[in-house]
Protein chains: 2
Amino acid sequence: MARTVLPGGLRVVTEHVAGARSAAVGLWVDIGSRDEPGFDPAARGAAHFLEHLLFKGTARRSAREIAEEIDAVGGDLNAFTSKEHTCFYAHVLDSDLALAVDVVCDVVLGGVMDPADVEVERDVVLSEIAGRDDDPEDLLADDFDDLLLGDHPLGGPVVGSEESVGDMTRDVLARFHGAHYVPSRSVLAVAGNVAHADVLEAVAAAFAHRLSGDPAAAAARPDAPAVVRAPADRLSVREDDTEQAHLMLGVPSIRRGDPRWEAQLVLSTVLGGGTSSRLFQEVRERRGLAYSVYSSATGYSDLGVLNVYVGCAPERLGTAAGVLRTQLAELAEHGITAAELTRAQGQLRGEYVLGLEDTPSRMSWLGRRELDGPAAALDLDEALARVRAVTVDEVAAIASELFATPVTAAVVGPYADVDDLPDEVREVGE
Amino acid sequence: MARTVLPGGLRVVTEHVAGARSAAVGLWVDIGSRDEPGFDPAARGAAHFLEHLLFKGTARRSAREIAEEIDAVGGDLNAFTSKEHTCFYAHVLDSDLALAVDVVCDVVLGGVMDPADVEVERDVVLSEIAGRDDDPEDLLADDFDDLLLGDHPLGGPVVGSEESVGDMTRDVLARFHGAHYVPSRSVLAVAGNVAHADVLEAVAAAFAHRLSGDPAAAAARPDAPAVVRAPADRLSVREDDTEQAHLMLGVPSIRRGDPRWEAQLVLSTVLGGGTSSRLFQEVRERRGLAYSVYSSATGYSDLGVLNVYVGCAPERLGTAAGVLRTQLAELAEHGITAAELTRAQGQLRGEYVLGLEDTPSRMSWLGRRELDGPAAALDLDEALARVRAVTVDEVAAIASELFATPVTAAVVGPYADVDDLPDEVREVGE
């Protein structure tokens with residue numbers, strides 16, 4: 001791994017991957033949907049909207065030229081926006097490194113944001129939101145975050161709402177871009193068959209003119225409430241004419257970088273992280289209640305969320321919810337066994353190592369660790385050592401702490417209101 | 001690449017991947033949903049049901065032990081069933097090769113198929129079907145195949161229907177398994193940091209007792225109708241209370257292994273294969289009609305399907321369908337340009353090379369080419385050479401042939417019946 005900080009503050013981090021024939025190039029910006037409400041109440045959805053708009057053309061390339069240049073070399077050019085990060089990336093053959101760096105930097109920093117394109121992309125984003133609405137599992141995840149996180153800036157969906165996207169102006173987008181998409185808040189991460197010097201040369205050629213300015217001038221992320229507010233409600237239902245009832249149930253948890261992070265990962269793995277997990281074995285293997293059941297732990301810079309999902313026939317939702325709540329209570333009271341700890345540690349080790357075999361995954365690891373700063377700046381060996389160091393007592397401690405909190409639950413399915421829900425779900429809100 | 005045919009007919013194909021720390025192990029069986037109706041009318045969904053049931057336990061391992069052994073080493077164990085193939089696979093660290101081979105072979109060949117487990121998995125499969133029904137894009141794809149392929153054995157959904165799964169018996173499953181899941185119809189494909197000799201040793205240790213028998217005794221795939229029947233209807237609507245209208249539109253096409261296969265790939269790429277494609281540029285970039293629009297080419301052993309998908313606001317479906325049909329007509333009449341050919345060739349080259357960087361993808365390539373036989377037995381260099389050899393005239397010829405066939409269209413969305421659809425879609429059925 002090699003790292004250079006350029007004048008203006010752009011950090012360039014690279015990793016040579018032996019055996020790779022490709023290069024994954026990502027320009028990461030320390031910006032996400034959580035930064036929107038503090039910037040401007042009208043900015044809800046701006047980071048994601050910009051992810052669309054910036055591809056519509058730069059001073060040097062039209063939208064069509066951007067697409068054609070990368071398609072012509074067989075590359076993949078795309079972007080994603082999360083609650084705290086935005087990444088524009090290209091995955092190309094190693095010989096096309098310079099082109100990929102040039103296109104990615106040009107798109108992020110040189111977008112012209114033509115007002116006519118704002119109108120076209122507004123429709124595209126609205127279509128994306130409607131597509132999300134047609135997927136009950138995606139919709140449920142947004143409903144659950146809304147409910148659990150309430151007015152916290154992390155609470156709203158990344159894509160914004162139909163209203164906020166409908167009202168989005170070019171002015172808000174341009175101001176949001178100008179304030180945040182600056183070299184001092186950006187990281188260029190490259191992994192693959194590349195040399196650090198070649199990446200630096202490509203960066204210099206691509207946008208030397210942007211590498212000036214005062215790194216200290218970057219807008220800092222505003223301070224957010226340190227804890228999640230206690231929401232008035234802990235249960236929501238969205239009526240939908242679905243075949244399955246979709247349930248997500250969970251609790252606020254710890255931020256990434258918390259010293260207990262790896263203990264929580266072990267907890268989530270034992271609970272619902274694989275086919276040997278308690279939920280998979282009990283819900284699917286033993287009872288055949290559902291095809292899909294799993295748990296998931298998400299960490300943000302100042303808080304986290306631990307949740308479980310199940311999709312099952314509506315007439316079995318009560319039974320399934322009962323099993324989930326029993327499993328959480330069981331973990332809170334008795335923790336996990338030594339055999340479960342050992343297995344979860346092996347599982348996490350494999351997930352880390354196997355998950356970092358392709359160059360885009362390595363690029364993402366590099367980019368995130370650089371953006372997330374000291375608390376998260378682990379290399380793979382450090383991360384694996386932390387997983388190995390977790391003890392049964394640490395897992396029991398965090399299980400008992402997290403599951404002492406009342407759970408929050410969101411449902412999408414054929415229920416007119418909360419009173420329609422089976423008792424095992426309804427009791428969550430009481 | 002190394003290849004050994006063992007006594008009994010099991011083919012073992014391996015590839016050493018430089019730089020990899022993992023091994024991907026797949027046991028491929030030359031069986032899929034298309035083989036079900038010819039075997040027994042009650043077998044619709046049997047191949048997919050077996051994909052579930054075989055994980056429920058073998059003579060040597062319970063379902064829990066299967067899950068725990070692979071989770072403990074951080075591996076990923078799963079399976080998928082398609083219309084012509086079934087694959088059970090594990091992705092593990094290279095040091096766990098022997099375990100992975102043992103577990104995968106044990107699961108596929110040693111499943112006990114306990115009657116009680118048939119009942120539990122029946123519910124799980126029904127839950128999977130209900131989950132598919134909650135995803136309009138997945139449901140649409142099955143509706144489209146039903147309509148286009150009609151009574152052809154490739155026509156029905158891989159998962160079967162609620163009825164066929166509800167009525168499935170252990171007897172049908174056991175007979176289907178006994179007739180088809182035999183070494184002579186199987187390929188063990190392994191890619192990663194492995195040596196061919198080590199794989200052979202692991203196979204011998206894992207199931208030497210199964211490697212006898214007469215390879216010629218394997219049930220051959222029954223002859224299927226060589227052409228798709230002309231269906232009475234070419235338009236279907238499934239009323240669903242969705243935000244978006246989901247449209248799939250396409251034509252019967254060529255089988256894989258057809259000498260024109262690569263010309264058709266170029267055609268599909270130019271039509272809707274990337275962000276520089278005609279559909280993406282016209283439907284999304286220029287008009288903002290939809291977030292998701294693409295084309296896809298699928299090849300089976302005796303026929304193929306070429307189709308396009310768009311998801312858009314219901315009030316824009318007519319416009320979108322008009323654009324799709326105009327684009328097909330344009331290609332049928334004028335073919336593609338030399339610049340489009342060059343770009344599509346570059347794009348396909350990149351997709352092949354970048355798509356084969358991880359060991360599971362390489363394992364899949366190895367397994368499929370071995371199962372698909374001489375017509376498809378290309379290595380990467382041969383496949384790339386065929387793409388490079390495609391000419392503008394070949395693409396024009398196949399475009400004019402394919403799009404001379406009347407198109408078939410399926411819709412999922414807020415439409416009570418065909419008469420509710422906009423003219424541009426309704427005309428397809430006339």
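Chain naming here is simple, since letters A, B, ... match the order of the sequence lines and numbering starts at 1 in each. These figures come from a predicted structure and were not determined experimentally.
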Taking side chain as everything from C-beta outward and backbone as N, CA, C, O, which of these in [X] sits under 4.5 Å from a heavy atom of chain B? Side chain, backbone, both or neither.
| X | answer |
| --- | --- |
| A/A18 | backbone |
| A/V125 | neither |
| A/R21 | both |
| A/A116 | neither |
| A/R122 | neither |
| A/E285 | both |
| A/Q281 | side chain |

Task: Donor-acceptor under 3.5 Å (B/H246 side chain, B/V411 main chain) - done: no
- [ ] Verify, without hydrogens or angle tests, whether A/E357 (side chain) and B/S22 (backbone) share a donor-acceptor contact under 3.5 angstrom.
- [x] yes
Task: B/V73 versus chain A, the contacting section by heavy-atom distance below 4.5 Å - done: backbone
Give the member of [options] that has the highest number of heavy-atom pairs under 4.5 Å with chain B.
| options | value |
| --- | --- |
| A/G350, A/A72, A/G131 | A/A72 |
| A/P136, A/A313, A/G75 | A/P136 |
| A/S277, A/G288, A/G19, A/A339 | A/G288 |

Name the option with the most non-hydrogen atom pairs under 4.5 Å to chain A; the candidates are [options].
| options | result |
| --- | --- |
| B/E351, B/R316, B/Q345, B/E119 | B/R316 |
| B/G346, B/S127, B/S292, B/G311 | B/S127 |
| B/L348, B/T359, B/D133 | B/D133 |
| B/L77, B/N78, B/V124, B/D358 | B/V124 |

TODO: Would you indicate whether the side-chain heavy atoms of A/V159 and A/V165 approach each other to under 4.5 Å?
DONE: no
Open item on the list: For a 4.5 angstrom cut-off between non-hydrogen side-chain atoms, does B/L126 reach B/E162?
Closed with: yes
Identify each donor-acceptor pair in which a side-chain atom of residues 269-276 of chain A lies under 3.5 Å from a protein atom, sequence neighbours left out, and give them as a table.
unit_1, atom_1, unit_2, atom_2, d
A/T269, OG1, A/L265, O, 2.7
A/S276, OG, A/R343, NE, 3.3
A/S276, OG, B/D71, OD2, 2.6

Ignoring hydrogens, what is the shortest heavy-atom contact between [X] and [Y]? Give both atom names and the distance.
| X | Y | answer |
| --- | --- | --- |
| A/L380 | A/Y352 | CD1-CB, 3.7 Å |
| A/V120 | A/K56 | CG1-NZ, 3.9 Å |
| A/T58 | A/V112 | C-CG1, 3.6 Å |

Task: Over 12 non-hydrogen atoms of neighbours within 6.0 angstrom of CZ in A/R349 - done: no
Open item on the list: Please evaluate residues B/E121 and A/R284 with respect to the criterion side-chain contact (heavy atoms from CB on, under 4.5 Å), reporting the C-alpha separation (whole Å), side-chain torsions for both, the decisive distance (0.1 Å), and the verdict.
Closed with: CA-CA 8 Å; B/E121 282 309 295; A/R284 177 163 158 175; 4.3 Å; yes
